[in-house]
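Report on the structure given below.
It should be emphasised that the depicted structure is a prediction, and the values quoted were computed from it without experimental measurement. Chain letters run A, B, ... following the sequence lines, proteins first and then strands; every chain starts at 1. Both backbone and side-chain heavy atoms feed into the values below; hydrogens, waters and symmetry mates do not.
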Protein chains: 2
Amino acid sequence: MAQTKADLFQEDEVLCASYAKALSHPARVAILKVLAQRKSCVCGDIVDELPLAQATVSQHLKELKEVGLIQGTIDGPSVCYCINPEGLKKAQTLLQSLFQTAATCCC
Amino acid sequence: MAQTKADLFQEDEVLCASYAKALSHPARVAILKVLAQRKSCVCGDIVDELPLAQATVSQHLKELKEVGLIQGTIDGPSVCYCINPEGLKKAQTLLQSLFQTAATCCC
DNA sequence: TAGTTTAATCGTAAATCTACGATAGGCGAT
DNA sequence: ATCGCCTATCGTAGATTTACGATTAAACTA
């Protein structure tokens, strides 16, 4: 009974939560940082930077890709991952809006 | 084997992820909105606003409280929940910083 | 073509998350 | 003191997450 009752909440709340969920693991936060700092975005390099197995990193990359925060393009035998500026901006806007709203405290 | 290897990541990455995790469920996003919009922050009112059982809402409130995004003060028989400005600001700063960093795309 | 490299996927185990009914505990009122 | 209201906690079920070894698939190399 762990499935979220997503249809019972507002669309933007669900979207906001899904972006937050993508960032809810240190490895995925770290991946974004690596992608930003490194010139090369090859998958193997990301694996080298993280203390996780290749399969696990690939799984995290998939989650980031599915939510639209990153994108991967095939480059010969390897895959070049990169931040997706549109997805990032969307996430930033939504979360920023939430923080703005929440800043008006009631008490 | 689902425990996050938190000690293998940087401290701010873990912290950032924990804030994101707190926001990773539509119900918790909704709770923050309700707290911001409503004048009253009584727990019962929050339960009324959400399509979830009292026990479930209480659990979500606990998670938000534990990460420091909200605080609850006992008010007679009921509990007055309120956004914690400091926690909120901390979360905002950390996530904002992540977005800023990530904005420098490598490709 | 055979072999190597690279990354995704499969299968699996353990932990965590989500949800709720039931119960317990605190507080005010009668 | 007892009752009723409000909220937290317990116990539990089912789903999801996290992690990794093993395998697969694709592409380059010799």
Less than 4.0 angstrom between a side-chain N/O of [X] and OP1 or OP2 of [N], yes or no?
X	N	result
A:Thr56	D:dC20	yes
B:Ser58	D:dA8	yes
B:His60	C:dA19	yes

Protein-nucleotide distance ([X], atom [atom1]; [N], atom [atom2]), rounded to Å:
X	N	atom1	atom2	answer
B:Phe9	D:dT18	CZ	P	11 Å
A:Asp75	C:dA8	CG	C1'	16 Å
B:Leu61	C:dC17	CG	C1'	16 Å
B:Leu52	C:dC17	CG	C1'	13 Å
B:Ile46	D:dC6	CD1	C1'	13 Å
B:Asp45	D:dC5	CG	P	16 Å
A:Ile70	C:dA7	CD1	P	13 Å
B:Leu8	D:dA19	CG	C1'	12 Å

Discussion item. Using a distance-only criterion (donor-acceptor N/O pair, under 3.5 Å, no hydrogens), is the base of D:dA8 paired with the side chain of B:Gln59?
Written reply: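 Answer no: no donor N or O sits under 3.5 Å from an acceptor.
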Options [options], nucleotide nearest the side-chain atoms of [X]:
X	options	result
B:Val42	C:dA7, D:dT7, D:dA19	D:dT7
B:Cys43	D:dA8, C:dA8, C:dA19	D:dA8
A:Gln54	D:dT18, D:dC20, C:dA8	C:dA8
A:Lys21	C:dT16, D:dT7, D:dT16	D:dT16
B:Val79	C:dT18, C:dA8, D:dA8	D:dA8
A:Ser78	D:dT16, C:dC17, C:dA7	C:dA7
B:Arg28	D:dT9, C:dT6, C:dT18	C:dT18
A:Tyr81	D:dA8, C:dA7, C:dT9	C:dA7
B:His25	D:dT9, D:dA22, C:dA19	C:dA19

Practice prompt. Have a look at B:Ala53 and say if it touches a base, only the backbone sugar-phosphate, or nothing, with a 4.0 Å heavy-atom cut-off.
Written response: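 The residue B:Ala53 makes sugar-phosphate contact but no base contact.
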Fill in: Partner of B:Ile70 under side-chain contact (heavy atoms from CB on, under 4.5 Å), chosen from B:Leu88, B:Leu32, B:Asn84
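Of B:Leu88, B:Leu32, B:Asn84, side-chain contact (heavy atoms from CB on, under 4.5 Å) with B:Ile70 is met by B:Leu32 alone.
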Practice prompt. Over all heavy atoms of both residues, which pair between B:Cys82 and B:Cys41 is shortest? Give the atoms and the distance, please.
Written response: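 Closest approach of B:Cys82 to B:Cys41: N-CB, 4.4 Å.
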Worksheet item: What are the two closest non-hydrogen atoms of B:Val67 and B:Ala22, and how far apart are they?
Response: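 Distance-wise, the nearest heavy atoms are CG1-CB, 3.6 Å.
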Practice prompt. Assess whether side chain to side chain contact (heavy atoms under 4.5 Å, CB included) is satisfied between B:Thr56 and B:Leu50, documenting all intermediate values.
Written response: CA-CA 10 Å; B:Thr56 308; B:Leu50 299 189; over 6 Å; no
Discussion item. Taking the nucleotide of DNA chain D with the nearest heavy atom to each, does A:Glu63 or B:Gly44 sit closer to the 5' end?
Written reply: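 Looking at DNA chain D, the more 5' nearest nucleotide goes with B:Gly44.
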Discussion item. For A:Lys33, I'd like to know if atom NZ has over 12 heavy atoms of other residues, nucleotides or ligands within 6.0 Å.
Written reply: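 Atom NZ in A:Lys33 is crowded, with more than 12 foreign heavy atoms closer than 6.0 Å.
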Worksheet item: Between A:His60 and A:His25, how do the two ring planes meet: parallel, tilted or perpendicular, split at 30° and 60°?
Response: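 Tilted, since the angle between the ring planes falls between 30° and 60°.
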